[in-house]
Amino acid sequence: MKTTLKSVVLGSALLGVTASSLLAHRAWILPSTSILSGESPWVCFDAAISNDLFFPNHHAMGTEAIKVTSPSGKEVEKQFEKDGHIRSSFEIQLEEKGTYLISRHRLGYFASWQEDGEQQRWRGDLEEFKSEGLAEKEGIQLIESDSKTVTYVTNGAPDIKALEPTGKGLEIKFDESHPNDLFTGEEVAFTFLLDGQPAEDVEVFIVKGNDRFRDTGNEIEGTTTSEGKFTFTVEEAGRYWITASSSVDAGEYEGAPKQRRSSYTATVEVLPL
Amino acid sequence: MKNTLLFSLSGMAVSLAGDYELSIEIPSLDVSEYHRPYVAAWIEDDSRDHVMDLALWYEMAKKNGHGEKWLKDIRKWWRVSGRSLEFPVEGFSGPTQPPGTHTVSLKDYLAKLPAAPDKVYKLYVEASREVGGREMLAIPFTWDGETLTVKADEPVQGKNELGEISVQPSQS
């Protein structure tokens, strides 16, 4: 698996204008630290949709849809929850040892078509799509967008019980590298799954945080192998934003061609060795 | 293989039958806010697998395990050993130490270290200081079951958080 350093915006050619609004901003959940020790330590999170990583400058993410799963699979209560204008925040206490998953899952529908020579855009749910008769529009294209935004924190030794794939949408199976055990100069290998199966040609895009303090993104970009594998190595310690997406034809809805776009976005820390 | 004069003494120390000690120098630092460093020492084999812990100095007397909160800052040790341990650990842990040279007897540890004259083990010392820095040093050595031979050309000397670290036949 090779990675390239092109500065191409992910997926723009794949999905056309309609989906570009989905990609214009970056969603992230950022832990204050991802590796903890001691008795029931606390960790806090910022969550936002912004342009710069990891600086809130556009929209708060909203804490309501963010779910925290403990190593044993329990839902953990978020505390000190706050939704501001440009940033959401909360804290959790890690009473168990192992790896916690912090995740937000969204499912939405987007459509585009031509009308009087102009591109029209729409978002809503499938019922509305049907009742508004959008399937009849010229050049109609319907996109189902299934997106996950996640991060992980570990108290003590990392494990993967809370990170087991659900078999739905785009996910990572952590069978080689653990997201809370990443170090500079060491190869990271992730296996991407779509609906539980290894997913080929998933576009993966990795950016280091603090991008507003440099002129170029220095992104890592590439696609997964036929086994769904993506490997990369980073030389600089820091926080990284990883986003992966795939787009597949998903038949028709009410006669309109439907595409399914799945994305998985994660924030990880890479420590200096 | 060259050894320093100090370390070549170990070759004469066969009769001591594994009675060695580790010296760790904690430098005295002129800083506005000083806290004694957390220090860990351990041995890895030539596959870079952790073999055994030798020392852990941290604020173990703090109530409710609050001193354990910063153990993850001994970053490399936390990865290879600490994160899998239950605290407090018996045997090799102790309180933080002031600036100066401190010794750790290796006798009991070497007794458990597999003899492997062709293998180069590494003895690591890592220090992490609150509101300060972090530094890690390593002493490569071989162990034939009786004699420990250091495989370093020069004394192993830190720059920031550690002074000199060395292994020699026990002085006491």
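Side chains included, hydrogens not; waters and symmetry mates left out as well; all remaining heavy atoms used. Residue numbering restarts at 1 for every chain, and letters A, B, ... go by the order of the sequence lines. No experiment lies behind these values; they were computed from the predicted model shown.
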For this session: Using ring pair (Phe, Tyr, Trp, His ring centres under 6.0 Å) as the criterion, list what pairs up with A/Phe183, not counting sequence neighbours.
Result: none
Seminar exercise, completed: So, the part of A/Ile35 with a heavy atom under 4.5 Å from chain B: the answer is both
Which donor-acceptor pairs sit under 3.5 Å apart between chain B and chain A?
{"residue": "B/Glu68", "atom": "O", "partner": "A/Ser37", "partner atom": "OG", "Å": "2.6"}
{"residue": "B/Lys69", "atom": "O", "partner": "A/Ser37", "partner atom": "OG", "Å": "3.0"}
{"residue": "B/Leu71", "atom": "N", "partner": "A/Ser37", "partner atom": "OG", "Å": "3.4"}
{"residue": "B/Lys72", "atom": "N", "partner": "A/Ser37", "partner atom": "OG", "Å": "3.2"}
{"residue": "B/Arg75", "atom": "NE", "partner": "A/Pro272", "partner atom": "O", "Å": "2.9"}
{"residue": "B/Arg75", "atom": "NH2", "partner": "A/Pro272", "partner atom": "O", "Å": "3.2"}
{"residue": "B/Arg79", "atom": "NE", "partner": "A/Asp181", "partner atom": "OD1", "Å": "2.8"}
{"residue": "B/Arg79", "atom": "NH1", "partner": "A/Glu186", "partner atom": "OE1", "Å": "3.4"}
{"residue": "B/Arg79", "atom": "NH1", "partner": "A/Glu186", "partner atom": "OE2", "Å": "2.9"}
{"residue": "B/Arg79", "atom": "NH2", "partner": "A/Glu186", "partner atom": "OE1", "Å": "2.8"}
{"residue": "B/Arg83", "atom": "O", "partner": "A/Ala157", "partner atom": "N", "Å": "2.9"}
{"residue": "B/Arg83", "atom": "NH1", "partner": "A/Asp181", "partner atom": "OD1", "Å": "3.0"}
{"residue": "B/Arg83", "atom": "NH2", "partner": "A/Asp181", "partner atom": "OD2", "Å": "3.3"}

